[in-house]
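Each remark here refers to the structure printed beneath this line.
Here the structure is a predicted model, which means the values were calculated and not measured.
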Amino acid sequence: MVELDAPLAPLTTLRLGGPARRLVTATTDEDVIAAVRAADAAGEPLLVLGGGSNLVIGDTGFPGTVLRIATSGFLLDGTGLELAAGEVWSEAVTRTVEHGLAGIEFLAGIPGSAGATPVQNVGAYGQEVAQSVTEVVAYDRRAGEVVTLSRAACEFSYRHSRFKADPDRYVVLRVRFALEDNGGLSTPVRYAETARHLGVEQGEPVALREAHDAVLRLRAGKGMVLDPADHDTWSAGSFFTNPVLSAEQYDAFLALAAERELTAPAYPAPDGCTKTSAAWLIDKAGFGKGYGSGPATLSTKHTLALTNRGAATAEDLLELAREIRDGVRAAFGVELVNEPVMVGVAL
């Protein structure tokens, strides 16, 4: 289906942004590939859209073709799972739990499509898709052919991947996972907050459904489960990634935190680095829940979500994001990096 001058705001969880010059909705892999090839042949800008949950579109919209991937496919073969890129991620997670399979149960409730999960290496509550993805089938725009990338070839890291590093090359068509049959139990509970909520020690498994439902409760309490009536969920989820600091950067950060008599969260990261909490930084820099008096504010439930209170523009949201980024830098010397993809705008 092709629409001209099509509104994009209703297709994003932030409900922001101007129209697409041309919107193509594709329901098969063949339609996806045909739309990509047509845009590339015409030298036209192309934006690939899934669930619109990790996207900030500028108020002027998109001047080329927006390809909305609406493919479907949920195929289980033993503990192997293949998802079409257009599958609704949260629904797919619930189905795996219903089949008694572990591996993605702590990623329940995350909005968006399955095809977006390897791009961002989606993760939450101690689990990320890099742990269970085996292969990604994608259309390689440079080679003009469908390719299959192994987990290693995806080059996953914290909220990053080969697809995110080279955003104009690959269009994800299908994602394959290796899940686990643990006799109805989850993978080990790795996240401290989840363990406390479940009343278990970190490292223990729990019943799959119990893990799934606990995550949904935790996410809902932070406004991270979509609800059209709740403006706290009119967001792109976590707007900033948790900073990963080198040893030198971390020492400088600790000194500034000590001046305020604050003890910051710290988690080991690769290469001798330390990860700290963006939500903590935002709060301690003076931006509490609900901060802001305009049409875009911080969520009243979580400091990491920037929300549209109903009449915000993309520029309203970005002004708030810049204020928070600059305030954290001034207070702690740490540069926050946006997690959502920016289209036609920049911080």
Flag side-chain contact, heavy atom, 4.5 Å: L101 against T79: yes

Close side-chain approach of I57 to L16, heavy-atom, < 4.5 Å: no

Atom pair OG1 (T117) and CD (E128), whose distance is rounded to the nearest 0.5 Å: 11.5 Å

Ionic contact status for E193 with K222, cut-off 4.0 Å: yes

salt_bridge(R329, D326) N-O dist < 4.0 Å: yes

Linked hydrophobic residues, L226 as query - side chain contacts closer than 4.5 Å: none

What closest approach, in Å, do [X] and [Y] show between heavy atoms, and which atom pair accounts for it?
X    : Y    : value
V189 : A195 : CG1-N, 3.6 Å
I69  : A85  : CG2-CB, 4.0 Å
Y250 : A266 : OH-CB, 3.2 Å
A26  : D31  : CB-CB, 3.7 Å
A312 : P295 : CB-O, 3.3 Å

Run the ring pair (Phe, Tyr, Trp, His ring centres under 6.0 Å) test against [X] and tell me which residues pass, sequence neighbours left out.
X    : answer
F163 : Y170
F239 : none
F156 : none
F177 : W89

Aromatic ring pairing F287/Y291, orientation class (parallel under 30°, perpendicular over 60°, tilted between): perpendicular

Test item: [X] side-chain N/O and [Y] main-chain N/O as donor-acceptor pair under 3.5 Å:
X    : Y    : value
N121 : S161 : no
S186 : V206 : yes
D140 : E145 : no
D181 : G183 : yes

Within 6.0 Å of NZ in K289, more than 12 heavy atoms from elsewhere: no

Side chain to side chain contact (heavy atoms under 4.5 Å, CB included) between L173 and T71, worked out: CA-CA 8 Å; L173 301 173; T71 54; over 6 Å; no

Pairing residues for R174 by the side-chain hydrogen bond (donor to acceptor under 3.5 Å, both in side chains) criterion, not counting sequence neighbours: D29, E82

Positive for side-chain hydrogen bond (donor to acceptor under 3.5 Å, both in side chains) with T300, one of T307, D230, D232: D232

